[in-house]
Structures are given as C-alpha cells and as structure tokens.
Amino acid sequence: MDFGRLITAMVTPFDDNLQVDWKRFTELLDYLIEEQQSDSVVVAGTTGESPTVTEEEKLKLFEAAVKHAAGRYKIIAGTGSNDTAHSIHLSQAAEKLGVDALLLVAPYYNRPSQEGLYQHFKAIAESVKIPVILYNVPGRTGVNIDASTTIRLSQIPNIVATKDCAGTDQLTQIVSGAAEGFKVYSGDDSAALPAMSVGAHGIVSVASHVIGKEMQSMINYYLQGNVQEAARLHGKSLPVFRGLFNCPHPVPNPAPVKYALKRRGFQVGGVRLPLLNVTEEEGRFIDSLFE
C-alpha cells in the first residue's frame, strides 16, 4: 500500500468548549489534501492530541475520516498505547471501521525492553490484517526502538513502515537492513530532506498543515535530481520547521500549529489540558515565521 511521500499527522479540531468540531474536521481533511497537497493523513496521533481524546471520540474520528475520504486518500489511525491489550482492542475496532493502516507509537512511561517492544508490536500486528506503521519518538516516550528491533519487526508481513524521530544515523541503519519494500519516514520536519538523502521514503509532518505545498515541491525536486533547489526550499522552510516546536522556547505540539492554522483563517480551536494554548509572545513569534 502506498501512503505517498508526505503524510500529515493532523490536529483534532475543537470547538469553543473543546469538543470535537465535526464539521471543521472534514473541512480540514479537504484542506490538507486539496490545498496543502498531503498524500495521506494520520488521525488521532500525537498531533491529534491522542492522550486526551477519548476512545469513543477516536472511533468516531476514524469512522468520519474513512467516510469522508471515500477511498480518495489513505486514512492512518493512531491506535498505539502503552497497553498492548488495549492497543489490540482499538486497532481491531479501527480495522472494522475501514481505516487503511495503523500508526503504533512505542509504549510510553513503562519503558519496555527491546524484546518487550518486539513482542508488543508483533502481537498488535498479528491481531489485524491491515498494514501497520511503527512510530519511534524517544523524546516523548522515554524509549527508543533500536534499529535492530525495527529491522526485526520489518520481517512481519503487515508491518510495512516506520515513522522514526531518532536521527539520520538510525534511519540509515534501518534503510540498510530492513526487509525489502519496508518504508522509512522521518518524523521530524527539519530532517525531512536529510532523511531522504539517506534513503527515507518521505516525512510524517506537522508543518505540512501550513507549508505542505512547499514541502511537496521540495520532495519532488529532490526526486527529480534537482538537489540544489530542494536544498533551497529546505533552507527556506527550516525556520517554520523549527519554530513550530520552539516559539521561541519549546512549546508542546500541537498548540503552535493550531495557532498557525488560526492565523491562516482556519479555526481549529485550542488544546486540551494539560497542554496550553500559545501565549501572546509565542503567537507573535509564530506570526514572524510567516512574514
């Protein structure tokens, strides 16, 4: 299954009462695909505030996304957690709703061993028939899925890709050793082009909410062999890549990108506690990124 080169990990739009804004959700899907040129979308991932979106809301989001996409693009459901049994339950429910693939984050807080990680992902993958994408983000989970573990997991038939934020050295190892056809995606916007230079297939992005077209151009230039133009676009986009996570100090995703969408005229509401909306100072910094 081809998820494309540019996958957006989409925010979950909320209304003024921080309830899911269902009308805005489908409008955002159209905006990401049609205007920002995303190839696929992740629903209810970390950027979608998965820790504070309830299971009932997640299932409704998956169902609404599948219905609205109607096969025009791929819907990837964020169903991973630090509880293997619950991840299996949610993954099977998402599969029944018709999602195209699952994104499974490394178990957070309980920090399993590498063998524990392998058995966790293996159990979930074997409980469904649809493709599975691993998600390695050590900065949030407290555990790294080592390259050797990812390579081992790539041998499981329906584990088809990884979104990895551990750096280009680890990406290089995975690209070199993974099963044939296994795709590696960078999970760090600022590493998108460097990652592709060592063999990554593409990027699972946050910045693509607001500069998706520019990112697609960068990717296409690179694939066409025009590395100089790709590098120019990468350099131009780098302040946005970095600024959406440091404005001007570290601010948890997705508060900055929700603000960036708002300043574009696309209202997606605030964030649920314990996250906070950006401050006036942070908002001014984000404004400066687009001036």
Side-chain angles (χ1 to χ4, degrees), residues 1-10 32-33 37-43 45-47 69 71 73-80 91 94-95 99-106 117-118 120-122 124-126 128-138 144-208 212 215-216 218-225 230 234:
M1 183 175 289
D2 185 7
F3 305 105
R5 303 276 183 174
L6 179 63
I7 302 172
T8 296
M10 71 180 292
L32 293 174
I33 297 297
Q37 299 180 7
S38 297
D39 297 313
S40 303
V41 294
V42 175
V43 176
T46 309
T47 305
Y73 46 88
K74 302 294 189 294
I75 300 298
I76 303 165
T79 58
S91 297
E95 181 179 37
V99 303
D100 297 290
L102 307 175
L103 182 70
L104 303 180
V105 69
L117 288 168
Y118 176 81
H120 169 81
F121 291 119
K122 179 175 182 287
I124 302 169
E126 290 180 346
V128 296
K129 295 180 180 178
I130 57 177
V132 166
I133 302 171
L134 308 175
Y135 179 19
N136 185 38
V137 56
N144 180 52
I145 309 172
D146 290 349
S148 59
T149 303
T150 299
I151 291 168
R152 187 180 172 200
L153 285 164
S154 75
Q155 304 295 327
I156 296 173
N158 65 325
I159 298 183
V160 301
T162 185
K163 171 189 176 184
D164 199 292
C165 304
T168 51
D169 285 356
Q170 178 153 306
L171 293 184
T172 303
Q173 291 177 286
I174 297 169
V175 168
S176 300
E180 184 178 357
F182 185 82
K183 291 183 170 58
V184 176
Y185 289 88
S186 172
D188 177 0
D189 280 311
S190 63
L193 187 60
M196 292 189 71
S197 75
V198 297
H201 188 71
I203 174 75
V204 181
S205 174
V206 174
S208 54
M215 295 181 72
Q216 275 286 18
M218 177 186 73
I219 291 168
N220 288 332
Y221 276 122
Y222 179 78
L223 295 173
Q224 293 162 10
H234 172 75

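What's counted below: heavy atoms across the whole structure, side chains too, no hydrogens, waters or symmetry copies.
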Of all heavy-atom pairs between [X] and [Y], which one has the smallest distance, and what is that distance?
X    : Y    : value
I156 : A125 : CG2-CB, 4.2 Å
S197 : P194 : OG-O, 2.5 Å
T8   : S38  : OG1-OG, 2.5 Å
S40  : I33  : N-CD1, 4.5 Å
V160 : P131 : CG2-CB, 3.8 Å
M218 : A192 : CE-CB, 4.0 Å

For [Y], does its backbone N or O pair with a side-chain atom of [X] as donor and acceptor, under 3.5 Å?
X    : Y    : value
D100 : I76  : no
T149 : I145 : no
D39  : I7   : no
S205 : A207 : yes
E95  : V128 : no

Discussion item. Enumerate the ring-ring contact (aromatic ring centres under 6.0 Å, His included) contacts for residues 154-199, please, sequence neighbours excluded, ordered by first and then second residue.
Written reply: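 For residues 154-199: Y185-H201.
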Practice prompt. Please assess Y221 against L193 for the test side chain to side chain contact (heavy atoms under 4.5 Å, CB included), listing each intermediate value before the final yes or no.
Written response: CA-CA 11 Å; Y221 276 122; L193 187 60; over 6 Å; no
Is there side-chain contact between [X] and [Y], with heavy atoms separated by less than 4.5 Å?
X    : Y    : value
F121 : V132 : no
L6   : Q37  : no
V198 : V175 : no
V42  : F3   : no
L223 : M196 : yes
M10  : T47  : no
D146 : Q173 : no
I203 : S208 : no

Fill in: Worked check of side chain to side chain contact (heavy atoms under 4.5 Å, CB included) between L153 and L134
CA-CA 9 Å; L153 285 164; L134 308 175; 3.8 Å; yes
Look up atom [atom1] in [X] and atom [atom2] in [Y], then write down how far apart they are to the nearest 0.5 Å.
X    : Y    : atom1 : atom2 : result
S91  : L102 : OG    : CG    : 4.5 Å
R152 : K122 : CZ    : NZ    : 9.0 Å
M1   : I130 : CE    : CD1   : 8.0 Å
T162 : L103 : OG1   : CG    : 8.5 Å

Item to complete: Check ring-ring contact (aromatic ring centres under 6.0 Å, His included) between Y135 and all other residues, then give those that pass, not counting sequence neighbours.
Response: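 None.
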Worksheet item: Under the side-chain hydrogen bond (donor to acceptor under 3.5 Å, both in side chains) criterion, do D188 and S186 qualify, and how do the steps go?
Response: CA-CA 5 Å; D188 177 0; S186 172; 5.7 Å; no
Item to complete: Could you go through the side chain to side chain contact (heavy atoms under 4.5 Å, CB included) check for M215 and D189 one step at a time?
Response: CA-CA 9 Å; M215 295 181 72; D189 280 311; 3.4 Å; yes
Practice prompt. Check side chain to side chain donor-acceptor pair (under 3.5 Å) between D164 and all other residues, then give those that pass, not counting sequence neighbours.
Written response: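 By the side chain to side chain donor-acceptor pair (under 3.5 Å) rule, D164 matches N136, Q170.
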